[in-house]
2 protein chains.
Amino acid sequence: MLASETVENYLKAIYLVQREAATDEAPMGKIAASLGVTPGSATSMVKKLVAARLARHERFGGVRLTARGTRAALDILRRHRLVETFLVDTLGLDWSVVHDEAERLEHAISPLVLDALDRHLGRPAFDPHGDPIPRADGALQESEAMPMSELGVGDAARLVRVLDQRGDSLRFLRASGLKVGAGLRIVAIEPGAGVMRIRPDGGAVVSMSTTAASRVLVRPMRGRG
Amino acid sequence: MLASETVENYLKAIYLVQREAATDEAPMGKIAASLGVTPGSATSMVKKLVAARLARHERFGGVRLTARGTRAALDILRRHRLVETFLVDTLGLDWSVVHDEAERLEHAISPLVLDALDRHLGRPAFDPHGDPIPRADGALQESEAMPMSELGVGDAARLVRVLDQRGDSLRFLRASGLKVGAGLRIVAIEPGAGVMRIRPDGGAVVSMSTTAASRVLVRPMRGRG
DNA sequence: ACCTAGAGTTTGAGTCGTCAAACTCATGTG
DNA sequence: CACATGAGTTTGACGACTCAAACTCTAGGT
Ligand SMILES: [Mn+2]
Ligand SMILES: [Mn+2]
Ligand SMILES: [Mn+2]
Ligand SMILES: [Mn+2]
C-alpha cells in the first residue's frame, strides 16, 4: 500500500528467508540471492527498512522484521497466495506457472479487489501448493506436515504441500501424479544413490532425490508398512 | 511487455488523446494533463518513445503513434478493458471503481493470464462501460452510437456506452438506473439552463447537464416521439 | 593468537522518471 | 506587423533503485 513494489518484494523475501533460518534471522546474502540482487543493494534497502521501522539490523548481523514489517509481509503473502489460488481455481492455469504470475500481480491488488477475490474463491485456507494463506487479520497457521524424505519404505502418506516453487519441479510432480491431496507410498529407498522411489495412488512408481523429496511435505497415514 | 509500466501508461494516454483530437494528433499538454504529469516530463518521455520508434513528433508539434506504438497501445487497452470486465462480471465490483483498479492491474497481466481471462469471460466484445475491447490481433470496432445530448424531446434510445470514467459520474448513472443496455426517453430539454431531463425505463426522471449527457452514448430506438 | 576465506558494507556511478523554473516558439489580435 | 499569450522545450536537480569494485569485519582453523 504505502510501500513501493520493491519494498514489498524485500519484505516478503526477508519474511520467507527468516522463516527458514534456524536462528530466525535472515542473512543478508540469502535476502540478496532470493531477490536476484547484489548484496550491496540488499544492504542499502535494509537500511531504509530499518529507518521505516519495518526491520531491525546491526552491521554484519542478520535481518529481522519488526512486528509492523511482519504484518506487512503477511499482507503481501496473502495477496500472493490468493492470486495463485485464483489463477488455478478460476482461470485454470497450471500450478507450475502461477508463482511467477502472482509475483507481479500481488503488487497491483487493492484491499477492495483482494476481499472480492477472497469471497469469490470461498475464503480458501491454502493455495495450490498447499501453502497456508494468511488471513486478513494476519493470522497464519502452518499445516502439520513432515518432509517426504523422512518416510521409510512401505510408509503411506498424503501429499499436503510443496515448498519448491520452481516450474520444472512442479511440472515433474504433476506429471507423476503427485499433487496436493494425493495419497502415496514409499516403495524403495537407495541411501547410497540418495534416491527414493514413490508410488502415487493409482500411478506409476517415480524416483526422486531425497533432497527434492525433502521439499515435499506429507502427512503420514496409517497403512501397512 | 518490453515496455516499462510508465511507457505503457504514456502509450495508452497518447492513443486516447489522439483518438479524441480532430487532427488525430495528441497535443503535448493534453498528454501531460491526462497523466497528471508536467509538460516537461511528457516532452522528455515522448523523446524516448520517438527513439524507440513508437511515436513521431516534431518540436512544438503534436504527437502521433507509429503503427508499432498503436499496436502496443491497443494491447494495453485490451488488458485494461478485459480486467475491468473481469472485476465487474466475475468479482461483482461496481463499475464506478474498476477503472482505477484496472489502471494498475493492466501492467501485471501476462499474455498467458490475459488469454485465460478472455476465455473465462467468454471473449467479451465490450467492457462494463460499453467501451469496445480490442481483440488479440489488435482489431477494434467502435460501436455505432451518438451522444445522448443530441436526442430531442420524446426520443427513445438505448444506452450503449459511457465515456466518462470518473467514479462519481458512474455512481450517479447507476443510481439513476442509467446503465449500459438500459432503455430511456428524453422527457424535457432546457436549453437555457443547459439541462436535459431523462426517464430511464422503469425509473424516475433525472436531470443531467447537456455536457454530461454528451459523454453518454446512445443508440436511438424507433419510439413515438 | 594469528590469518584467511567468506560474508557484509561502502562508495561512486548509472538509469529511470519526475519536477521547477527558465527559456523558446507559434499564433492571432490589436 | 509587432508582440503578448500560451503552449512546448530545456536545463539542472532530485529520489528510488541498482551494480561493480574496493573495503571491512567475523569466525574458524591452525
Ligand atoms: Mn513480487
Ligand atoms: Mn504458492
Ligand atoms: Mn496504468
Ligand atoms: Mn472501461
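Each chain gets a letter, A, B and so on, in the order its sequence line appears, and its residues count up from 1.
Checked for salt-bridge contact, E8(A) and R79(A) meet the test: a charged N lies under 4.0 Å from a carboxylate O. For E106(A) and K12(A), the salt-bridge test passes: some basic side-chain N is under 4.0 Å from an acidic carboxylate O. Remark: E142(B) engages R161(B) in a salt bridge, criterion side-chain N to carboxylate O under 4.0 Å. Here D94(A) does not pair with R171(A) in a salt bridge; the nearest charged N to carboxylate O distance is not below 4.0 Å. Salt bridge absent: E190(B) and R197(B) never bring a charged side-chain N and a carboxylate O closer than 4.0 Å.
The side-chain contact (heavy atoms from CB on, under 4.5 Å) test applied to R64(B) returns Q18(B), D24(B), E25(B), not counting sequence neighbours.
Against DNA chain D, the stretch residues 31-43 of chain B makes heavy-atom approaches under 4.0 Å through P39(B), G40(B), T43(B). Sorted by residue number, the members of residues 20-30 of chain A with any non-hydrogen atom under 4.0 Å from DNA chain C read P27(A), M28(A), G29(A). For residues 49-63 of chain B, proximity to DNA chain C is found at R59(B), F60(B), defined as any non-hydrogen atom under 4.0 angstrom from a strand atom.
By the neighbour-count criterion of 12 heavy atoms within 6.0 Å, atom CZ of R135(A) is sparsely surrounded, having that number or fewer from other residues, nucleotides or ligands. Shown here is R53(A), whose CZ atom has no more than 12 heavy atoms of other residues, nucleotides or ligands within 6.0 Å.
The shortest non-hydrogen separation linking T66(B) to A55(B) is CG2-N, 3.7 Å. Across all their heavy atoms, W95(A) and L170(A) have their closest contact at NE1-O, 3.0 Å.
One can place NZ of K47(A) at 11 Å from C1' of dG8(C), the figure rounded to the nearest angstrom.
The cationic atom of R174(A) (NZ for Lys, CZ for Arg) does not lie both less than 6.0 Å from the six-membered ring centre of F172(A) and within 45° of the ring axis.
Aromatic ring pairs are classed by plane angle as parallel below 30°, tilted from 30° to 60° and perpendicular above 60°; the pair F86(B) and F86(A) is tilted.
With hydrogens and angles disregarded, no donor-acceptor distance shorter than 3.5 Å links the side chain of T210(B) to the backbone of A213(B). In terms of modelled atom types and a separation under 3.5 Å, the side chain of R81(B) and the main chain of F126(B) share no donor-acceptor contact.
Ring-centre distance between H129(B) and H99(B): not below the 6.0 Å cut-off.
Relative to the axis of its first five pairs, the axis of the last five pairs of the helix from dA1(C)-dT30(D) to dG30(C)-dC1(D) sits at 20°, rounded to 10 degrees.
First and last contacts of DNA chain D with chain B, using any nucleotide atom under 4.0 Å from a protein heavy atom and ordered 5' to 3', fall at dG8(D) to dT10(D).
Taking only side-chain nitrogens and oxygens, S4(B) comes nearer than 4.0 Å to OP1 or OP2 of dG17(C).
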